[in-house]
Amino acid sequence: MKVLKFGGSSVANAENIEKVKNIVANASKGEKAIVVVSAFGGVTDLLVKASLLAAAQDEAYKNVLQEIEEKHISTAQALIEINNQSKVISNVKRELNVLETLLEGAFLIGETTPKLLDKIVGFGEQLSSFIINEYFLKEGLDSVHKDSKTLIKTNDNFGKAAVDYKTTNELCENYFGTVSYQVIVAPGFVASSAKGDSTTLGRGGSDYTAAIYAAAINAKTLEIWTDVSGMYTANPKLVKQAFAIPHISYEEAMELSHFGAKVLYPPTIQPVLSKGISIHIKNTFAPEEEGTLITKNTNGKERAVRGISHVESISLISLEGSGMVGIPGISKRFFEVLSQAKVSVVFITQASSEHSICIGVASEDAEKAKSALEMAFEYEMTLKKINPVVVENNLAIVALVGDNMKSHQGLSGRMFSALGKNNVNIRAIAQGASERNISAVINKNDVKKALNTLHEQFFEDNVKQLNLFVMGVGNVGEKFLAQIEKQRKFLKKQLKLNIRVVALSNSRKMVFNDNGLDLKNWKEQLENGEETGLDKFFSKVKELNLRNSIFVDNTANEAVSNTYASYLNDSISVVTCNKIAASSPYKNYVHLKELSRKYNAPFLFETNVGAGLPIIDTLKNLIASGDKITKIQAVLSGSLNFVFNNFNDSTNFDEVVKQAQEEGYTEPDPKIDLSGIDVMRKILILARESGNELDIEQIENDSFLPQESLDTDNVEDFYKTLVKHKEHFDGIYKAAADKDCRLKYVAQFENGKAKVGLQHIPKDHPFYNLEGSDNIVLFFTERYVKQPLIIKGAGAGADVTASGIFADIIRIGNF
Ligand code: ADP
Ligand code: ASP
Ligand code: MG
């Protein structure tokens, strides 16, 4: 004999029940099958709702009852052909009338007792099993209906009654041992007390009913048919990457279900465990899939962590005080009080000083627990030996589960550092002595992020998901998105990085998609997006609360750079090509660096100097390895280099500048480049990154521009002055050419001082042959004394800047 149980969604409507029939027909071919069914999907909740409304004397209970009626009658009509319908429907109606009378009773007296409630909520299974059996008969199965109340006997703890196994097993053996039908359809969840009152086995209890039958008759297997393909590595509704665990031990399944894996009602395992009956979890909607097999032993070589589960709505209750130290019996009293108050303790920690005990309970029990404890310890509290009970709400538990965790070191370290990196605050920790479970109490809002972070850490072959929030889709931004789109597959395969752009914004619009935007048509999506704003954008990023979040600033905007601190504060990394923050007042630069360290969120701006060239990264590596920078000499302006490489006695200065601007080598306002401000910012950043405290005002800038050009306040006027002062610029060229030198705009840092300015560079100097918009940096250090470390290459342009931003993101991925 075997036992099959079908859950609420498996029997939610006629179409699904047909699937159930096919599975049962197949399974009962060679042997008898006990089929345990839940109420039609959602019906138990409706019954609870109707009872509560009736007890509150709210007439709306009648609408709920109406809904329940319609659901059953329409399903029966769809399943059973017209000429046989009347008998079935009248039976269903008779039952519904009894239900109506009970609800009316509750309405009139304005109360439901637990006893009445059990009578009422049992109707769901009563009706579903009756209708399903009638349908099986019509479909030609050799089937019979058997009421579980006549087989499963319990005490009268209504709502979650305890089974009297001795009587139950006898009744089951007698009945199933003699029954001649091939299929026996029985309601799950319901039972009866010794006095004959209806009881129930607790919400989700139909699984348990099936296990009780399986154990009583020594069934070969117990099959739990549900709406997912097994017990997953994490709740598949919250973790998209979760997958079904093929094989798992009873203890692991028990821990996972106890800690929230709803797919199996926790008490289900107990009866079958002692008999060694395997449980097979299968999907009614994909019967071909393997599902999960639960047995005594698994062949141990798999992963240490088998699954991750969570319990929502937890409260922490702590009892603290000097009077608790070394006094025997405090813990005993503490737990006795809770047990008398019928509060179940999900989680316990006690500091070894015995100064405090902290427990986790279901939030709905928190107030009850608090008042029971305050009453019990009132005396100690008045003496101030024990402090008032502290309750913290809105928490949740996440737990790692696995039989083999005990033989692996470092798992809890990995668990907590993964959570820490993602700014998930851990309120309390517990590890069972069996080491089958490590649990952490966290904020409820962080559950989804925590589960996904842990799943990534322990199950996803180390593929790390990076979630990008991109601001600015101009020249650089556009190239950047194109590069990501092109490299996504490669990065996933080779570097195990799954890069997703979750949000985009320009100055007008923003668009978010927490599954990652499709980059093929991002322009269209952005156009159809909602109105943007810096605060609005930040709030949405924060609200999504995704792991490994990175804010990418592709703008040159000061207001955007002022938002970095908020991101870093929330452990969101910042990658930017915008130089404003790193060259802002020293105090602000240091503050951002500190936030980055404190919240473990990288703040990277490699592209601030030399676009995609690895200048800052090299500098950091030199310093990290113990070297000291003695001097930096550099040509850091791709734009100025372009200008002075193209300016000679046959070109006009203003035209060359225009060309540089048109080809995208200058800032939108070319004066920022020509006045030297841009180069000042860059040398300032390099000096700071080498460990020096410096501000922009301290940099000497020997400008080659006439004062009139410097004084302009718009681009057009600026160009006019370049035309007007043609002779001045021609003179600059001639002075250099006469000495056989070239003009280079050089930045220098030495002995704590920085300066920028145009210089005459002779033929034998490394700067002489610098082409196009190239940059070059010479680092003289304690190790590179005579021959500097040189970095040279294209230092401007959207493509190389975009790839520099990309490189920063990959650095974070490998962080
Ligand atoms: P049934 O009505 O068939 O008894 P339940 O709703 O009680 O089904 O249980 C199945 C649901 O359990 C799934 O749809 C899923 O949302 C949830 N669930 C939570 N954790 C897990 C997990 N680790 N593996 C599979 N399902 C899980
Ligand atoms: N119908 C009951 C419930 O929803 C029992 C079950 O489906 O397992 O809790
Ligand atoms: Mg269930």
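Read the numbers this way: they start at 1 and go in the same order the structure lists the ligands and their atoms.
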Q: With heavy atoms of Ala234 as the reference, note each atom of ligand 1 found under 4.0 Å away.
A: 23 (N)
Q.
For the NZ atom on Lys368, are there more than 12 heavy atoms of other groups (residues, nucleotides or ligands in this structure) within a distance under 6.0 Å?
A. yes
(Q) Considering non-hydrogen atoms of the protein only, which is the closest contact for atom 12 (O) of ligand 1, and what is the distance? (A) Val263 N, 3.4 Å
Q. What pair of heavy atoms forms the shortest contact from Tyr265 to Leu201, and how long is it?
A. OH-O, 2.8 Å
Q. In a check of side chain to side chain donor-acceptor pair (under 3.5 Å) between Asn545 and each of Asp446, Asn422, Asn443, which one passes?
A. Asp446
Q | Which residue and heavy atom of the protein sit nearest atom 13 (C) of ligand 1, plus the separation | A | Asp227 OD1, 3.6 Å
(Q) With a 3.5 Å distance limit and no angle check, can you tell me whether Ser363 reaches the backbone of Ser313 through a side-chain donor-acceptor pair? (A) yes
Q.
With a heavy-atom distance limit of 4.0 Å, tell me whether His310 approaches ligand 1 through its side chain, its backbone, both, or neither.
A. neither
Between ligand 2 and the protein, which N/O pairs fall short of 3.5 Å?
residue  : atom  : partner : partner atom : Å
ligand 2 : 1 (N) : Thr44   : OG1          : 2.7
ligand 2 : 1 (N) : Glu125  : OE2          : 2.6
ligand 2 : 4 (O) : Thr44   : OG1          : 3.3
ligand 2 : 4 (O) : Arg203  : NH2          : 3.0
ligand 2 : 7 (O) : Ser38   : OG           : 2.9
ligand 2 : 8 (O) : Gly204  : O            : 3.2
ligand 2 : 8 (O) : Gly205  : N            : 3.4
ligand 2 : 8 (O) : Ser206  : N            : 3.0
ligand 2 : 8 (O) : Ser206  : OG           : 3.3
ligand 2 : 9 (O) : Arg203  : NE           : 2.6
ligand 2 : 9 (O) : Arg203  : NH2          : 3.4
ligand 2 : 9 (O) : Gly204  : N            : 2.7

Q: May I ask you to list the atoms of ligand 1 that are less than 4.0 angstrom from any heavy atom of Met231?
A: 24 (N)
**Q.** Min heavy-atom dist Pro236 to ligand 1 below 4.0 Å
**A.** yes
Q. Going by the order shown, which atoms of ligand 1 are within less than 4.0 Å of some heavy atom of Val228?
A. 13 (C), 14 (O), 25 (C), 26 (N)
Q) For ligand 1, which atoms have a heavy atom of Gly230 less than 4.0 angstrom away? A) 24 (N), 25 (C)
**Q.** Heavy atom of the protein closest to atom 5 (P) of ligand 1 (residue, atom name, distance)
**A.** Lys262 NZ, 3.8 Å
(Q) With respect to Ser10, determine whether any N or O atom, backbone or side chain, lies less than 3.5 Å from an N or O atom of ligand 1. (A) no
